[in-house]
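Hydrogens, waters and symmetry mates play no part in the numbers below; they use all other heavy atoms, side chains included.
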Amino acid sequence: MTALRYPIFEISPLEFEKLCLELLQAEGGRYSLGKQSAYDIEGMRLHAQGDEEKIAIEVKHRSHFQMQDFKKSISNIQKVSEKFDTFIYITSAPISARQQQETNQKLIGNPSDLQIKVLGQQDLYALLS
């Protein structure tokens with residue numbers, strides 16, 4: 001039982017945000033809490049080619065995945081003057097196959113060159129492992 005092994009809903013939203021920050025830092029790159037309301041964490045990560053990737057991360061500590069939160073987060077990050085290469089949406093909620101399909105359809109319609117990634121509960125458990 002992964003949910004019992006990692007009781008993420010026993011921590012506060014602020015603690016969950018800090019956990020996500022630590023997981024990102026453990027994977028490599030430089031990350032810190034964001035300075036704008038459009039995202040929670042910002043970071044830089046080196047590519048194999050030597051280029052730096054600028055990243056914005058929105059963290060939502062929820063028990064259910066909400067497509068409207070996801071869409072609003074994308075809209076908010078596209079409005080900031082600062083340019084990012086990648087936007088990562090992290091949620092503590094499980095994402096069903098249908099929701100994942102809806103998310104992928106939303107990403108196909110992404111008009112910007114912003115790369116968007118979604119990490120759900122199972123992705124978090126894999127990172128924690």
Side-chain angles (χ1 to χ4, degrees):
M1 289 280 182
T2 308
L4 294 175
R5 187 171 168 198
Y6 302 115
I8 59 175
F9 292 106
E10 292 180 12
I11 61 175
S12 72
L14 182 58
E15 291 170 320
F16 180 70
E17 188 175 293
K18 289 178 182 177
L19 172 66
C20 291
L21 177 64
E22 290 173 10
L23 288 171
L24 291 163
Q25 289 170 334
E27 282 205 319
R30 297 182 318 270
Y31 296 92
S32 61
L33 296 178
K35 297 174 185 80
Q36 294 194 26
S37 62
Y39 53 91
D40 296 313
I41 300 170
E42 59 186 290
M44 298 292 276
R45 181 170 50 198
L46 278 178
H47 284 283
Q49 311 88 296
D51 301 352
E52 276 199 319
E53 174 185 23
K54 191 167 185 172
I55 305 166
I57 300 109
E58 179 70 7
V59 178
K60 295 290 185 187
H61 194 26
R62 305 271 193 272
S63 57
H64 300 289
F65 180 74
Q66 299 172 355
M67 185 60 77
Q68 64 270 20
D69 279 350
F70 174 64
K71 290 177 182 177
K72 184 177 180 191
S73 294
I74 291 173
S75 177
N76 288 344
I77 199 65
Q78 290 173 333
K79 291 177 186 174
V80 297
S81 59
E82 198 170 0
K83 290 293 178 200
F84 293 95
D85 302 304
T86 302
F87 175 67
I88 302 173
Y89 182 89
I90 301 175
T91 180
S92 52
I95 301 175
S96 70
R98 183 184 62 74
Q99 291 169 324
Q100 188 65 51
Q101 185 178 19
E102 284 180 47
T103 301
N104 291 340
Q105 289 173 348
K106 173 66 178 161
L107 298 181
I108 291 169
N110 178 21
S112 70
D113 57 352
L114 181 67
Q115 183 178 0
I116 301 171
K117 297 178 184 177
V118 179
L119 300 178
Q121 188 179 79
Q122 291 304 314
D123 301 304
L124 289 173
Y125 291 157
L127 289 171
L128 285 166
S129 292

Donor-acceptor pair, distance only, cut-off 3.5 Å: does the side chain of [X] make one with the backbone of [Y]?
| X | Y | answer |
| --- | --- | --- |
| Glu27 | Leu24 | no |
| Gln99 | Ser96 | yes |
| Gln25 | Tyr31 | yes |
| Asp40 | Val59 | yes |
| Asp123 | Gly120 | yes |
| His61 | Ala93 | no |
| Ser129 | Tyr125 | yes |

Option passing side-chain contact (heavy atoms from CB on, under 4.5 Å) with Ile57 (candidates Ile88, Thr86, Leu119) =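 By the side-chain contact (heavy atoms from CB on, under 4.5 Å) criterion, Ile57 pairs with just one of Ile88, Thr86, Leu119: Ile88.
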Below 4.0 angstrom, N of the basic side chain to O of the carboxylate: do Lys54 and Glu42 qualify?
->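 Looking at Glu42 together with Lys54, the answer is no, because their closest N to O distance does not fall below 4.0 Å.
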Salt bridge or not for Glu102 and Lys71, using N-O below 4.0 Å?
->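 Answer for the salt bridge query: no.
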Any idea which heavy atoms bring [X] and [Y] closest together, and the distance?
| X | Y | result |
| --- | --- | --- |
| Ile90 | Cys20 | CG2-SG, 3.7 Å |
| Ser63 | Pro94 | O-CD, 3.6 Å |
| Ala38 | Asn76 | CB-O, 3.8 Å |
| Ser92 | Phe16 | CB-CZ, 3.5 Å |
| Glu17 | Leu33 | OE2-CD2, 3.4 Å |

Look up atom [atom1] in [X] and atom [atom2] in [Y], then write down how far apart they are to the nearest 0.5 Å.
| X | Y | atom1 | atom2 | result |
| --- | --- | --- | --- | --- |
| Gln122 | Gln100 | CD | CD | 11.5 Å |
| Leu114 | Lys83 | CG | NZ | 8.5 Å |
| Thr91 | His64 | OG1 | NE2 | 10.5 Å |
| Gln68 | Ser73 | CD | OG | 10.5 Å |

Would you say the side chain of Ile55 lies within less than 4.5 Å of the side chain of Asp85, judging by non-hydrogen atoms?
->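 No, their side chains stay 4.5 Å or more apart.
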Do Glu53 and Leu46 come within less than 4.5 Å of each other through their side chains, counting heavy atoms only?
->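 Not in contact.
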Can you label the angle between the Tyr39 ring and the Phe84 ring as parallel, tilted or perpendicular, going by 30° and 60°?
->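 Tyr39 vs Phe84 ring planes: perpendicular.
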Verify side chain to side chain contact (heavy atoms under 4.5 Å, CB included) between Ile116 and Phe70, making sure each step is shown before the conclusion.
-> CA-CA 11 Å; Ile116 301 171; Phe70 174 64; 4.2 Å; yes
Lys18 NZ: over 12 foreign heavy atoms closer than 6.0 Å =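 Atom NZ in Lys18 is not packed in, count stays at 12 or less.
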Derivation and outcome, side chain to side chain contact (heavy atoms under 4.5 Å, CB included), residues Phe9 and Arg62 = CA-CA 8 Å; Phe9 292 106; Arg62 305 271 193 272; 6.0 Å; no
Carefully, step by step, assess Tyr89 and Lys117 under the rule side chain to side chain contact (heavy atoms under 4.5 Å, CB included).
-> CA-CA 6 Å; Tyr89 182 89; Lys117 297 178 184 177; over 6 Å; no
